[in-house]
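Side chains included, hydrogens not; waters and symmetry mates left out as well; all remaining heavy atoms used. Here the structure is a predicted model, which is why all the values come from computation and not from measurement. Each residue takes its place number in the sequence, starting with 1.
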Amino acid sequence: MNKNTTQQTSHTPVVTEDSLDLLDMTPKERRAYKCQQEREKLQELTFWRKVQYIITYYFWKFIAVAAVCAAILLIIRQVYIMTRPVALDIALVNDMENTTFAETVIALYESYYEVPEDARYLIDTGFEIKLEETAPNDMTSYTKMMADLNYESTHIIICDAEVVQYYAVDGYLTELHFALPPELFESVKDRLYECEGPVEDSDYYAIDISGTKFAEQTGIQLEQPLLCIPTILGEESRETSFRFIQMILDMEEH
């Protein structure tokens with residue numbers, strides 16, 4: 001009996017006077033009380049003991065605060081990047097060895113048109129679509145291309161004839177005879193690439209830019225580079241596509 005009583009007593013927490021005082025305090029008073037205790041404790045320590053104490057007891061708090069601040073800054077930066085206006089969104093397909101295309105296109109475009117300082121360029125040269133060679137389970141490039149063709153984002157696609165024919169027949173590329181402004185269509189009619197489309201008498205889905213100054217300056221290595229426009233584009237994006245085509249034509253005149 002006495003043994004059991006002793007065991008029960010040993011497990012009973014000791015309630016000190018400070019603990020009783022804390023229980024009677026409001027949360028605000030409790031925080032102030034603890035801060036006062038910390039200040040008094042630090043006043044009794046030497047300088048180096050204070051440094052050691054702070055590092056020992058507050059190190060992980062500092063790390064946590066720094067991590068939260070870094071995460072917030074990263075989120076703000078990503079939001080800023082994603083919400084900036086897009087000056088030009090262009091994809092180069094099946095020209096994987098071209099390492100200077102993006103820089104050259106940006107420089108050319110900015111020399112022809114006024115672009116907001118915070119505008120961004122989305123220039124993707126990572127497409128490789130070989131219809132006869134691609135394994136059936138390797139659909140990465142096909143998926144990327146379908147995203148560009150379906151989400152009203154990409155202004156211009158430069159590719160070879162095989163890619164144009166593959167996507168034009170299903171209506172993913174704009175029929176240029178009906179889409180281009182009349183004056184622009186007249187300017188490119190000698191360069192139109194004809195292929196089978198989903199609608200009868202609608203066969204112009206690309207512009208042949210081989211031999212142009214643009215193709216030369218950007219280092220395009222496709223044997224016959226063709227420029228096409230996705231069918232699904234908003235009015236503003238379509239105007240950007242037309243401006244890009246006009247830039248290529250203007251380069252031929254200088």
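Here OH of Y167 is found 10.5 Å from CD of E162. Values are rounded to the nearest 0.5 Å. A distance of 8.5 Å separates CD1 of I220 from CG of L227, quoted to the nearest 0.5 Å. Between the CZ atom of R191 and the CG atom of L226 there is a distance of 11.0 Å, given to the nearest 0.5 Å. For the atom pair E216 CD and S210 OG, the distance stands at 12.5 Å (nearest 0.5 Å). Distance check, rounded to the nearest 0.5 Å: CD of E253 to OG of S187 gives 8.0 Å. Separation of atoms CG (D95) and OG1 (T218) is listed at 8.5 Å; rounding is to 0.5 Å.
Looking at every heavy atom in both residues, I158 comes nearest to P225 through CG2-CB, 4.2 Å. When all heavy atoms of H177 and E175 are compared, the pair lying nearest together is N-OE1, 2.9 Å. Taking every heavy atom of both residues into account, L92 and N98 meet most closely at CD2-ND2, 4.1 Å. Residue A102 comes nearest to I123 through the heavy atom pair O-CD1, 3.7 Å, listed as atom of the first residue, atom of the second, then distance. Annotation for M96 and F127: closest pair SD-O, 3.1 Å, computed over non-hydrogen atoms. Minimum interatomic distance between L108 and Q217 (heavy atoms only, all atoms of both residues): CD2-OE1, 3.4 Å.
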**Prompt:** Taking it one step at a time, do R243 and Y112 satisfy side-chain contact (heavy atoms from CB on, under 4.5 Å)?
**Reply:** CA-CA 9 Å; R243 284 199 302 270; Y112 273 84; over 6 Å; no

**Request:** Give the C-alpha distance, both sets of side-chain angles, the deciding distance and a yes or no for side-chain contact (heavy atoms from CB on, under 4.5 Å) between D208 and Q224.
**Result:** CA-CA 7 Å; D208 188 344; Q224 185 185 25; 3.0 Å; yes

**Item:** Derivation of the side-chain contact (heavy atoms from CB on, under 4.5 Å) call for Q246 and D250
**Value:** CA-CA 6 Å; Q246 187 62 56; D250 291 344; 3.0 Å; yes

**Request:** Evaluate side-chain contact (heavy atoms from CB on, under 4.5 Å) for F244 paired with V105, printing each intermediate quantity in order.
**Result:** CA-CA 10 Å; F244 190 86; V105 167; 4.1 Å; yes

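Here the side chains of N94 and I129 are in contact, with some heavy-atom distance below 4.5 Å. Side-chain contact between F214 and M247 is present, with at least one heavy-atom pair separated by less than 4.5 Å. At least one side-chain heavy atom of I207 sits less than 4.5 Å from a side-chain heavy atom of L192. Taking the side chain as every heavy atom from C-beta outward, L184 and L249 approach each other to under 4.5 Å. Side chains of D118 and P85 form a contact here, defined as non-hydrogen atoms less than 4.5 Å apart.
By the criterion of side-chain heavy atoms lying less than 4.5 angstrom apart, applied directly or through intervening Ile, Leu, Val, Met, Phe, Trp or Tyr residues, I245 is grouped together with Y121 in one hydrophobic cluster.
The backbone N or O of Y172 lies less than 3.5 Å from no partner atom in the side chain of D170, so there is not a single donor-acceptor pair. In this structure a side-chain-to-backbone donor-acceptor pair under 3.5 Å is missing from H155 to I90.
Side-chain contact check for Q165 and Y193: at least one donor-acceptor pair (N or O, by modelled atom type) lies under 3.5 Å.
By the 4.0 Å N-to-carboxylate-O rule, R238 lies too far from E235 to be salt-bridged with it.
Other residues, nucleotides and ligands contribute only 12 or fewer heavy atoms inside 6.0 Å of the CD atom of E183.
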